[in-house]
Visitor: 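A single structure is presented below for examination.
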Amino acid sequence: MLVMTMPSWVPGQEAKPAPMPLLLVQAFVNTWDADHGSDLLQHPVAARNWLTDAGLWSADRAPDPAELDLACRVREGIRAMLVANGSGPQPTPGDLQALQAVSQACRPALQVGPGGQVSLGAGSARRLEAGLLLLLLAIRDAQRDGTWQRLKACGNPACRWAFYDRSHSRAGAWCDMATCGNRIKNRRLRQRQR
Ligand SMILES: [Zn+2]
């Protein structure tokens with residue numbers, strides 16, 4: 001089996017990684033790990049380390065509480081979109097508020113590279129919004145090339161880990177069948193037996 005070497009900013013053991021650059025969105029969502037009760041964006045120093053490592057932060061200071069709050073709200077907004085990708089309910093206007101705030105806070109910058117490659121970047125802004133804008137651009141690209149629908153939040157409400165569904169049927173619902181899939185199925189079975 002081919003073992004892919006994951007970038008250092010991919011949290012935990014990623015069994016179902018998305019292709020780049022969607023992997024960055026997946027990793028950002030998975031900075032919150034329900035299983036271990038850990039949150040890489042909770043403390044300024046840890047958040048700075050992760051965001052810098054992932055290329056979303058370039059300031060030589062740690063994010064302040066308001067910035068961390070924004071990052072977490074963007075993360076949970078994206079997670080709500082991934083729940084919908086996994087055949088859950090559509091995100092509410094409230095879920096999308098932080099993403100819309102980011103989209104309005106800074107404008108993407110168009111660049112033409114040496115080979116004539118045209119790309120969209122976040123410009124030279126050093127604010128956190130610029131980094132978060134890179135996530136929005138990755139989402140936009142994925143929505144256009146069709147990979148977006150495969151990035152889903154686990155169907156177990158107590159988990160919600162972001163996973164990339166490579167199945168032919170595109171009907172994958174669990175981050176891991178052995179843990180979350182069977183857990184939910186057994187629970188449903190017990191409820192029916194009662
Ligand atoms: Zn799960």
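Quick note: residue numbers are just sequence positions, from 1. Scope of the values below: all heavy atoms of this structure, side chains included, with no hydrogens, waters or symmetry mates.
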Visitor: Considering non-hydrogen atoms only, spot the tightest contact between L23 and A18 and give its length.
Guide: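 Of all heavy-atom pairs spanning L23 and A18, the closest is CB-O, 3.4 Å.
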Visitor: With a 4.5 Å limit on heavy-atom distance, are the side chains of R150 and T147 in contact?
Guide: no
Visitor: For the pair R160 and E76, evaluate salt bridge (charged side-chain N to carboxylate O under 4.0 Å, His left out) and give the outcome as yes or no after the intermediate values.
Guide: CA-CA 10 Å; R160 292 299 190 224; E76 298 318 310; over 6 Å; no
Visitor: Could E67 and R61 be called an ion pair, given the rule that one side-chain N must be under 4.0 Å from one carboxylate O?
Guide: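 Salt bridge between E67 and R61, a charged N being under 4.0 Å from a carboxylate O: yes.
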Visitor: For T92, what residues pass the side-chain contact (heavy atoms from CB on, under 4.5 Å) criterion, not counting sequence neighbours?
Guide: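 For T92 the side-chain contact (heavy atoms from CB on, under 4.5 Å) partners, ignoring immediate neighbours, are D95.
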Visitor: Quick check: do W50 and F28 have side-chain heavy atoms less than 4.5 Å from each other?
Guide: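 Heavy-atom side-chain distance check passes, below 4.5 Å.
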Visitor: When you measure from the centre of the six-membered ring of F163, is the NZ or CZ of K16 closer than 6.0 Å and no more than 45° off the axis?
Guide: yes
Visitor: Please name all residues satisfying side chain to side chain donor-acceptor pair (under 3.5 Å) with D141, sequence neighbours left out, ordered by chain then number.
Guide: none
Visitor: Looking at residues at least two apart in the chain, or sitting in another chain, which of them share a salt bridge (charged side-chain N to carboxylate O under 4.0 Å, His left out) with D165?
Guide: K152
Visitor: Can you name the side-chain contact (heavy atoms from CB on, under 4.5 Å) partners of R140, sequence neighbours left out?
Guide: L120, R144
Visitor: With sequence neighbours left out, what residues match R75 under salt bridge (charged side-chain N to carboxylate O under 4.0 Å, His left out)?
Guide: D39
Visitor: Can you name the salt bridge (charged side-chain N to carboxylate O under 4.0 Å, His left out) partners of E14, sequence neighbours left out?
Guide: none
Visitor: With the side chain counted from C-beta on, respond yes when L41 and L51 share a heavy-atom pair under 4.5 Å apart, and no when they do not.
Guide: yes
